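Below is one structure, written out as structure tokens; the observations come after it.
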Amino acid sequence: MMQEKDIVLDVLGGVKASLTGYATFISETANPNLRQTFQQMRDGDEKFQYDLYKIAAQKGYYATSPNATPQDMSSVKSSLTSF
């Protein structure tokens with residue numbers, strides 16, 4: 001029998017995979033209505049994933065990384081804007 005933690009982490013993994021799929025679908029869809037539908041589905045799944053993540057983190061099911069320092073954020077921002 002699966003424990004609650006295993007179920008939560010399994011669902012989080014599934015939603016993460018679906019979000020990756022939405023990125024592909026959205027970028028490859030020419031029909032504006034279908035594209036908008038995929039975007040709405042993605043937005044709903046992102047909200048669900050974040051809400052479930054917060055519960056998992058609160059219960060200790062999901063180890064979070066330490067907060068980024070201002071220097072870390074600056075470094076990432078700089079590397080992303082250098083393209």
Side-chain angles (χ1 to χ4, degrees):
M1 185 166 161
M2 288 183 80
Q3 299 293 320
E4 181 182 68
K5 175 183 178 179
D6 298 324
I7 295 168
V8 168
L9 293 178
D10 190 48
V11 172
L12 281 170
V15 174
K16 182 179 177 180
S18 74
L19 291 171
T20 301
Y22 288 134
T24 301
F25 303 152
I26 291 166
S27 67
E28 295 180 358
T29 301
N31 180 294
N33 291 330
L34 184 56
R35 183 181 174 94
Q36 182 179 21
T37 298
F38 285 141
Q39 288 171 328
Q40 290 169 343
M41 292 169 66
R42 179 210 51 210
D43 293 349
D45 276 6
E46 284 178 341
K47 182 184 179 328
F48 172 74
Q49 183 275 337
Y50 186 57
D51 291 343
L52 187 57
Y53 153 76
K54 289 188 291 188
I55 292 167
Q58 183 181 41
K59 290 185 170 216
Y61 296 165
Y62 195 91
T64 59
S65 60
N67 289 336
T69 66
Q71 294 84 5
D72 293 334
M73 290 185 286
S74 178
S75 176
V76 170
K77 182 179 177 182
S78 176
S79 69
L80 293 174
T81 57
S82 65
F83 288 104

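Quick caveat: nothing in here was measured; it's all calculated off a predicted structure. Below, each value reflects all heavy atoms present in this structure, side chains not excepted, and no hydrogens, waters or symmetry copies.
The environment of Asn31 atom CG is dense: over 12 non-hydrogen atoms of other residues, nucleotides or ligands sit within 6.0 angstrom. Shown here is Lys54, whose NZ atom has more than 12 heavy atoms of other residues, nucleotides or ligands within 6.0 Å.
Here the straight-line distance linking atom CG of Asp43 with atom CD of Gln36 works out to 10.0 Å at 0.5 Å rounding. Taking CG of Leu12 as the start and CG of Leu52 as the end, the distance is 4.0 Å to the nearest 0.5 Å. To the nearest 0.5 angstrom, Leu9 atom CG is 10.0 Å from Glu4 atom CD.
Without hydrogens or angle criteria, Arg35 side chain to Ile26 main chain gives a donor-acceptor distance under 3.5 Å. One N or O on the side chain of Ser27 and one on the backbone of Ala23 form a donor-acceptor pair closer than 3.5 Å.
Counting only N and O atoms by type, the side chains of Asp72 and Ser75 include no donor and acceptor under 3.5 Å apart.
No path of Ile, Leu, Val, Met, Phe, Trp and Tyr side chains, each step under 4.5 Å between heavy atoms, connects Ile55 with Ile7, placing them in separate hydrophobic clusters. Residues Val8 and Val11 share a single hydrophobic cluster, defined by chaining ILVMFWY side chains whose heavy atoms lie under 4.5 Å apart.
In this structure, the side chains of Phe25 and Arg42 stay at 4.5 Å or more apart for every pair of heavy atoms.
Pairs of residues two or more places apart, or lying in two chains, never qualify as ring pair (Phe, Tyr, Trp, His ring centres under 6.0 Å) while including a residue from residues 2-24.
By the salt bridge (Lys or Arg N to Asp or Glu O under 4.0 Å) test, Glu28 pairs with no residue at all, sequence neighbours left out.
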